[in-house]
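Written out below as structure tokens is the structure these notes cover.
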Protein chains: 2
Amino acid sequence: MTEFEIFRQMGAVSRQATMAMNEAARKYELENNLFLYLIRIVENEGLTQSDLAKLIQVDKTTLSRALRKLAERQYIVKVVGEENRKSKQLFPTEKGRQSYQFLEKIEKEYVHEQMVDLSATEQTELLRLLTKVGQ
Amino acid sequence: MTEFEIFRQMGAVSRQATMAMNEAARKYELENNLFLYLIRIVENEGLTQSDLAKLIQVDKTTLSRALRKLAERQYIVKVVGEENRKSKQLFPTEKGRQSYQFLEKIEKEYVHEQMVDLSATEQTELLRLLTKVGQ
DNA sequence: AGTCAATAGTTGTATTTGCAACTTTTAGTA
DNA sequence: TACTAAAAGTTGCAAATACAACTATTGACT
């Protein structure tokens with residue numbers, strides 16, 4: 001069954017990538033997926049915690065404590081929304097933006113290495129198909 | 001950059017699937033990815049722990065303890081290899097095989113639902129491209 | 001205005017996770 | 001045969017994870 005294989009392959013590739021990136025992010029004290037959260041915050045300044053949770057599909061309580069850690073370590077700041085006081089908006093600090101530069105480079109290298117066997121056309125097609133998964 | 005998006009999309013889809021499957025596997029006491037390990041053991045009887053770790057890309061110490069749990073709960077048995085006493089081969093019990101039937105159904109339903117927007121041709125192409133990622 | 005439900009986020013707590021370090025077994029090789 | 005390195009698996013321990021349950025804010029409906 002092809003459907004099975006697709007998800008299983010995605011799972012293995014993703015777990016491998018997560019392990020590799022956490023390993024690499026370690027020297028910046030951004031292991032345990034902290035790198036993942038920081039990257040998204042830099043690229044989407046001002047998004048809320050629940051926005052981020054939906055974006056990367058992670059448990060909100062895990063995210064809450066991870067973001068506290070990122071804030072303690074001065075990579076981000078959490079700001080209570082002015083008009084909507086329920087949510088907290090996330091912004092990178094200067095330190096966060098600097099670390100992002102390094103993380104981005106690491107991610108780029110890793111991803112590029114994994115994709116060498118796919119042509120540009122194949123990559124475009126792969127992305128197109130992936131975005132059709134799960135509505 | 002397309003390469004980035006591919007991995008990020010895979011990550012989100014995979015995490016979502018993992019959460020959904022763990023939620024569903026809960027009533028069989030097979031949460032925390034135990035379902036994942038059991039499925040692979042039933043489908044690849046006799047594989048070793050390190051085989052399994054490579055197959056699904058998970059940390060070997062995490063796997064070691066998870067498999068102990070699976071064995072304690074009588075879903076699998078661990079057998080020291082006859083010719084190679086370094087490794088332990090994994091086999092499902094009858095109970096393990098029965099649970100597999102339910103898990104397979106849940107996985108099939110979930111996966112199918114996620115793939116409704118892709119034609120059979122697209123699914124085949126998606127799998128082909130995915131298997132080219134990371135050699 | 002008042003009630004109710006939904007949304008956003010945090011905290012309590014038990015369990016899981018994963019790095020470091022360890023044992024055991026095997027393979028290579030001098 | 002003995003030495004060394006690699007491979008397979010386990011355990012100690014500190015930290016992360018995630019389910020329940022909670023507070024706080026907002027929106028909807030009467």
Side-chain angles (χ1 to χ4, degrees), chain A residues 14-38 41 46-73 76-91, chain B residues 14-38 41 46-73 76-91:
Chain A
S14 288
R15 280 186 296 271
Q16 186 174 31
T18 298
M19 288 192 291
M21 281 297 297
N22 273 315
E23 159 77 18
R26 213 148 166 215
K27 70 167 81 73
Y28 304 104
E29 293 190 297
L30 290 167
E31 69 281 8
N32 292 115
N33 286 340
L34 290 186
F35 77 91
L36 183 62
Y37 311 140
L38 178 57
I41 291 168
L47 88 173
T48 67
Q49 289 191 206
S50 61
D51 290 339
L52 183 54
K54 283 192 199 80
L55 190 62
I56 59 185
Q57 291 296 317
V58 73
D59 180 79
K60 66 174 181 171
T61 69
T62 301
L63 185 59
S64 176
R65 277 186 257 242
L67 293 178
R68 179 195 298 165
K69 197 138 284 179
L70 274 184
E72 282 170 1
R73 297 181 189 172
I76 64 166
V77 290
K78 297 159 94 169
V79 179
V80 175
E82 290 112 34
E83 71 281 7
N84 185 352
R85 296 164 37 72
K86 260 197 304 192
S87 57
K88 297 189 181 175
Q89 291 186 276
L90 308 169
F91 297 91
Chain B
S14 288
R15 280 186 296 271
Q16 186 174 30
T18 299
M19 288 194 290
M21 282 298 298
N22 273 315
E23 160 76 18
R26 211 147 168 218
K27 69 167 81 74
Y28 303 105
E29 293 189 298
L30 289 167
E31 69 283 6
N32 290 116
N33 286 341
L34 291 185
F35 77 91
L36 183 62
Y37 312 139
L38 178 58
I41 292 168
L47 86 173
T48 67
Q49 290 192 203
S50 61
D51 289 340
L52 184 54
K54 283 192 199 78
L55 191 62
I56 58 185
Q57 291 296 316
V58 74
D59 180 78
K60 67 174 180 170
T61 69
T62 300
L63 186 59
S64 175
R65 278 185 261 241
L67 293 176
R68 179 197 299 163
K69 197 138 286 182
L70 273 184
E72 281 170 1
R73 297 181 189 172
I76 65 166
V77 289
K78 296 159 95 169
V79 179
V80 175
E82 290 111 33
E83 72 281 6
N84 184 352
R85 296 167 34 74
K86 259 196 305 192
S87 57
K88 297 190 179 175
Q89 291 185 277
L90 307 169
F91 297 91

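Quick note on labels: first sequence line is chain A, next is B, and so on, each numbered from 1.
Following rounding to the nearest Å, B:Asp59 (CG) and D:dA16 (P) show an atom-to-atom distance of 16 Å. As rounded to whole Å, 8 Å separates atom P of D:dA15 from atom NZ of A:Lys69. Protein atom OH of B:Tyr37 is 15 Å distant from nucleotide atom P of D:dG9, rounded to whole Å. Per the geometry, CG belonging to A:Leu63 stands 10 Å off P belonging to D:dT17, to the nearest Å. Between B:Arg15 atom CZ and D:dT17 atom C1' there is a gap of 14 Å when expressed in whole angstrom units. Atom P of nucleotide D:dT17 and atom CG of A:Leu36 are separated by 11 Å, given to the nearest angstrom.
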Are B:Leu30 and B:Leu38 close enough, and set up right, to give a side-chain contact (heavy atoms from CB on, under 4.5 Å), and what steps lead you there?
CA-CA 9 Å; B:Leu30 289 167; B:Leu38 178 58; 3.9 Å; yes

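Within 4.0 Å (heavy atoms only), B:Thr61 reaches at least one base atom of the nucleic acid. Counting non-hydrogen atoms under 4.0 angstrom, B:Glu83 reaches the backbone sugars and phosphates but no base. When heavy atoms are screened at a 4.0 angstrom cut-off, A:Thr62 is found touching base atoms of the nucleic acid.
Side chain of A:Thr18 to backbone of A:Ser14: a donor-acceptor contact under 3.5 angstrom is found.
Using a 4.0 Å cut-off on heavy atoms, the residues of residues 20-34 of chain A that approach DNA chain C are A:Arg26, listed by number.
For the residue pair B:Leu34 and B:Lys69, the shortest heavy atom distance occurs at CD1-CG, 4.3 Å. The minimum heavy-atom distance linking B:Met19 with A:Gln57 is given by the pair CE-O, 3.4 Å. Contact between A:Ala25 and A:Phe35 at its shortest, heavy atoms only, is CB-CB, 3.8 Å. Nearest heavy atom pair, residue A:Glu23 against residue A:Arg26, reads O-CB, 3.2 Å. Shown here for B:Lys78 and B:Ala71, the closest heavy-atom pair between the two residues is CD-CB, 4.3 Å. Residues B:Leu70 and B:Tyr37 share a closest heavy-atom pair of CD1-CB, 4.0 Å.
Look at B:Gln49 and you won't find any side-chain N or O under 4.0 angstrom from OP1 or OP2 of D:dA7. At least one side-chain nitrogen or oxygen of B:Lys78 sits closer than 4.0 Å to the OP1 or OP2 atom of D:dT10.
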Can you name the atoms? Protein N/O to nucleotides 22-25 of chain D N/O, anything below 3.5 Å, with the distance.
{"unit_1": "D:dT25", "atom_1": "OP1", "unit_2": "A:Arg85", "atom_2": "NH2", "d": "3.3"}

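Checked against side chain to side chain donor-acceptor pair (under 3.5 Å), B:Asn84 has no partners two or more places apart in sequence or in another chain. With sequence neighbours excluded, the residues satisfying side-chain contact (heavy atoms from CB on, under 4.5 Å) with B:Ala17 are A:Phe7, B:Tyr110.
End-to-end axis angle for the helix from C:dA1-D:dT30 to C:dA30-D:dT1, using five pairs per end and rounding to 10°, comes out at 30°.
Side-chain contact between A:Leu36 and A:Asn22 is absent, with no heavy-atom pair separated by less than 4.5 Å. Residues A:Leu47 and A:Leu55 form a side-chain contact, since some pair of their non-hydrogen atoms from C-beta on lies under 4.5 Å apart. Within the 4.5 Å cutoff, the side chain of A:Leu63 has heavy atoms near those of the A:Leu67 side chain.
Residue whose closest nucleotide on DNA chain C sits further toward the 5' end, between A:Lys88 and A:Arg65: A:Lys88.
From the 5' end on, the contacts that DNA chain C makes with chain B at under 4.0 Å to a non-hydrogen atom open and close at C:dT16 to C:dT26.
Nearest nucleotide to the side chain of B:Ser87, out of D:dA8, D:dC19, D:dA16: D:dA8.
More than 12 heavy atoms of other residues, nucleotides or ligands shown are found within 6.0 angstrom of CD on A:Glu31.
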